[in-house]
Amino acid sequence: MAAGTAETTPRLPELLESGWRLLEEVEASTEPSSGAPALQDKVRRGLDLLQQAARGVAQLDLFSQNEDLEEIASADLKYLLLPALLGALTMKQVNLSKRLEHLQSARAHFLDFLKLCKNYQIGKFHLPPTPESPNENEPTESTSGAGPAGRQSSLVAMASSRQAKIERYKQKKEVENRLASVKSYLESGQAEEEQIREFYMLQIQRWITTSLEEIESIDQEMVILRGRNALKQALAPPQTSQRPRTAMKPFILTRDAMQAKVLGAGYPSLATMTVNDWYEQRCKQGIMPDKGKPLTTAAYSLSRPSADLSEEELQKEQQEKKVEEDDEETLQKTRAWEDWKDTHPKGYGNRKNMG
């Protein structure tokens, strides 16, 4: 026997009726989008009211597994609907990032309602299977094979499911017609206890059909959402941990310190560095071999002048060697040539190939 009745808490009927009314307003809304701010505000307020009512019912311990349906007071029957109403309002929430979470929560509410009805033996129905453990009667990979027996089993299951949907639809229409006639007595205020009990029993039967349909729809949508999330993860590029490369400060190489002083870098914002300075820096960093170590065959072959060099390239190389040896005459010629290039633009004195 239940420990108490709902009437001991005055606010409990108001919480249920207000939350239920908000759900009906949301379902009857003519807003073009279910995500309209006004509608979502009603959804949030309705959920809050119904959750408060559910906590109150749990505190009062209105329903027990050891009692029969006849032991529940007529005024308390409506509180059996709380899980179904919570599931319906949860489905009305619009948030794509939390859609899967909302579906799972709504399914749990609908399933709690169906289990409660099953416990009181209200209506004739089978509890829907959980996604993790499908019903043995449903077609699986082993029963829906390529053979004739598998195809026959699948066709029988489809026909059975279709017939169950037709029966539920007929029952729902019949219940709604009876509800319309009984509701007029309640609204007039002249309803007797028997009519009040009939009204809420019809509401419970209507929501049993609705809950079964909603759970079937939820299971289908969850399969789609999980498949889409798995595809996104498969298409996402693999994340590799790459060490960031340190940016090197730009510089210009010169052949020696004297050339760096005379010619300069040409770019005041860049640092100058001789070949020897650069080589010593690389040796300290462990990138280049030390001067005391012998060169490898490949390095030695690269350092030797090739026999195939042209006469012009040999002269240029000899001139560069003279500059490296600080030959005064060569330095003077080089400085004069560089000064001349600074004061004479390219093409100066070209009288034959003008234009």
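All values below come from the heavy atoms of this structure, side chains included, with hydrogens, waters and symmetry mates left out. What you are looking at is a predicted structure, and each value in this text was computed from that prediction instead of being measured.
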Checking Q40 side chain against K92 main chain: does a donor-acceptor pair fall under 3.5 Å?
yes
Is the shortest heavy-atom distance from the side chain of E17 to the side chain of K78 under 4.5 Å?
yes
Would you indicate whether the side-chain heavy atoms of V57 and D76 approach each other to under 4.5 Å?
no
Report yes if the side chains of W207 and L80 come closer than 4.5 Å at any heavy-atom pair, otherwise no.
no
Contacts of N95 meeting side chain to side chain donor-acceptor pair (under 3.5 Å) (sequence neighbours excluded), chain-then-number -> S97
What are the two closest heavy atoms between V175 and L202, and how far apart are they?
CG1-O, 3.3 Å
Working to the nearest 0.5 Å, report the span between NZ of K42 and CD of E24.
11.5 Å
Which of parallel (below 30°), tilted (30 to 60°) and perpendicular (above 60°) describes Y120 and F63?
perpendicular
Should Q203 and R206 count as side-chain neighbours, where that means a heavy-atom distance under 4.5 Å?
yes
Okay, side chain of S217, backbone of E213: is any donor-acceptor separation there less than 3.5 Å?
no
Check whether any side-chain heavy atom of L212 lies under 4.5 Å from a side-chain heavy atom of I208, and answer yes or no.
yes
Side-chain donor/acceptor of S105 to backbone N/O of E101, under 3.5 Å
no
Closer than 3.5 angstrom, by distance alone: can the side chain of K115 be matched with the main-chain N or O of L127 as a donor-acceptor pair?
no
Could you tell me whether the side chain of D41 reaches within less than 4.5 Å of the side chain of R44, counting heavy atoms only?
yes
Look up atom NE2 in H109 and atom CD1 in I215, then write down how far apart they are to the nearest 0.5 Å.
12.0 Å
How many angstroms lie between atom CG of L85 and atom CG of L49, to the nearest 0.5 angstrom?
11.5 Å
Any side-chain donor paired with an acceptor under 3.5 Å for D48 and Q52?
yes
Side chain of Q65, backbone of L116: donor and acceptor closer than 3.5 Å?
no
Under 3.5 Å, side chain of Q195 to main-chain N/O of E192, donor-acceptor pair present?
yes
Point-to-point distance, once rounded to the nearest 0.5 Å, from CZ of R197 to CD of E70:
7.0 Å
For S29, what residues pass the side chain to side chain donor-acceptor pair (under 3.5 Å) criterion, not counting sequence neighbours?
none
Is the shortest side-chain heavy-atom distance between L12 and L60 below 4.5 Å?
yes
Any side-chain heavy-atom pair from S33 and V94 closer than 4.5 angstrom?
no
